[in-house]
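Please read the structure below before turning to the comments.
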2 protein chains.
Amino acid sequence: MIPHIMSRTPPHPTREQIELPLVLDCLSDPIRLAIVYQLAQQERVSSELCCGDFNGLAGKSNLTYHFAKLRDCGLMQTRVAGTNRFMRLRREDLEARFPGLLDAVLQSAAKDADRLQLVAECDVVEAK
Amino acid sequence: MIPHIMSRTPPHPTREQIELPLVLDCLSDPIRLAIVYQLAQQERVSSELCCGDFNGLAGKSNLTYHFAKLRDCGLMQTRVAGTNRFMRLRREDLEARFPGLLDAVLQSAAKDADRLQLVAECDVVEAK
DNA sequence: TCGATAGTTCAATAAACATTGAACATAGGA
DNA sequence: TCCTATGTTCAATGTTTATTGAACTATCGA
């Protein structure tokens, strides 16, 4: 039987392969910034979210596209479990490569949460 | 006599108009990141550099394009003096809007200076 | 006043990007 | 075993992007 593509974990860059321009470019898109922000908010509750939790941000296939970019640049990790894909922030790797960067971006985003139309923390938790 | 366009200072966004996605997008381009980095290195010597100081990074008209993007997003300020345009980083405004962000990016860039082909500090100073 | 220097503007081009919907693959439950 | 939920793949579309060179404008100094 031929191995099934979809059940395999997609490729991720190693920590050392994470590149600053790619990370910044990823974070510069409002939808991807919202994904990363929501992931960060959720971290206190659980470190993972699945694709469906972001349905409010864009259409399904568009989200797949943005997830791939976030994965390719090293910001997110995807874990496959059954029919779900669980995402988490690669906090430690980011912190090791670019100390303070992710937090500076997240705090900047939090400051402009209204302007950027980001979900408030309570929204995320309640939506569970 | 009709006022001469080129002698006027180009428009800049106010501090409040500076937007996070635009700033990140600006910094995600390797040439623009190099410009900002060089400007930051130079700050200890003088807070300003003129277009010609960046000739190593790209062609003249391409530089004009990147300078415009940096100015439009609020990262740089341009001052016109004779036939020169002097650039400086809008450090205070950036710090007020997004505390810690610029420094986190600059430190990250410094860590990857080789990979990003950024000018070493001594190169900048010696090139004067 | 002329020439050189500094930088801008404009049009053209090729590549990358975000977005959509339709078709598909996979896993789990009735 | 079939139905449903979850998510991916693919092709098509229109937009934005970076880069180039040629023509231009403005300023300074000889």
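Numbered from 1 within each chain, the chains take letters A, B, ... in sequence-line order.
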task = Rounded to the nearest angstrom, tell me the gap between atom CG in Asp29(B) and atom P in dA15(C).
result = 18 Å
message = Side chains of Thr9(B) and Thr78(B), heavy atoms from C-beta outward: is any pair under 4.5 Å?
response = no
inquiry  = From CG of Leu70(B) over to P of dT8(C), roughly how many Å is that when rounded to an integer?
reply    = 12 Å
message = Within the 4.5 Å heavy-atom criterion, are Ile35(B) and Leu70(B) side-chain neighbours or not?
response = yes
Close residues, residues 58-66 of chain B, relative to DNA chain D [heavy-atom separation under 4.0 Å] = Ser61(B), Asn62(B), Tyr65(B), His66(B)
message = Please pick, from dT27(D), dC17(C), dT17(D), the nucleotide with the shortest atom-to-atom distance to any side-chain atom of Thr83(B).
response = dT27(D)
ask   = Can you check the Leu27(B) CG to dA18(D) C1' distance for me, whole Å?
value = 17 Å
task = Please state how far atom CG in Asn55(A) lies from atom C1' in dT19(C), giving the value in whole angstrom units.
result = 16 Å
request  = Ignoring backbone atoms, establish whether Asn84(B) has a side-chain N or O less than 4.0 Å from OP1 or OP2 of dT27(D).
outcome  = no
request  = Answer yes or no: is there a side-chain heavy-atom contact under 4.5 Å between Arg32(A) and Lys69(A)?
outcome  = yes
key: Length of the line joining Asp72(B):CG and dA18(D):P, which is rounded to integer Å   = 12 Å
remark   = Between Arg32(A) and Met87(B), whichever has its closest DNA chain C nucleotide further toward 5' is Met87(B)
ask   = Taking CD from Glu48(B) and C1' from dA6(C), how many angstroms apart are they, rounded to a whole number?
value = 16 Å
inquiry  = From CG of Leu57(B) over to P of dA18(D), roughly how many Å is that when rounded to an integer?
reply    = 15 Å
Under 3.5 Å, which donor-acceptor pairs link side chains of residues 99-120 of chain B to any protein atom two or more places apart or in another chain?
| residue | atom | partner | partner atom | Å |
| --- | --- | --- | --- | --- |
| Asp103(B) | OD1 | Arg91(B) | NH1 | 3.2 |
| Ser108(B) | OG | Ala104(B) | O | 2.8 |
| Lys111(B) | NZ | Ala96(A) | O | 2.8 |
| Lys111(B) | NZ | Arg97(A) | O | 3.0 |
| Asp112(B) | OD1 | Arg97(A) | NH1 | 2.9 |
| Asp112(B) | OD2 | Arg97(A) | NH2 | 2.7 |
| Arg115(B) | NH1 | Glu16(A) | O | 2.9 |
| Arg115(B) | NH2 | Glu16(A) | O | 3.1 |
| Arg115(B) | NH2 | Glu16(A) | OE1 | 3.1 |

key: Arg85(A) side-chain N/O to dT6(D) phosphate OP1/OP2 under 4.0 Å   = no
request  = Compare all side-chain heavy atoms of Pro10(A) with those of Arg71(A) and state whether any distance is below 4.5 angstrom.
outcome  = yes
message = Please tell me whether Phe86(B) and Met76(B) are part of a single hydrophobic cluster in this structure, the criterion being side-chain heavy atoms less than 4.5 Å apart.
response = no
request  = Could you state the atom-to-atom distance from CZ of Phe54(A) to P of dT6(D) in whole Å?
outcome  = 15 Å
query = Could you state the interatomic distance from CZ (Phe98(B)) to CD (Glu19(B)), rounded to the nearest 0.5 Å?
reply = 7.0 Å
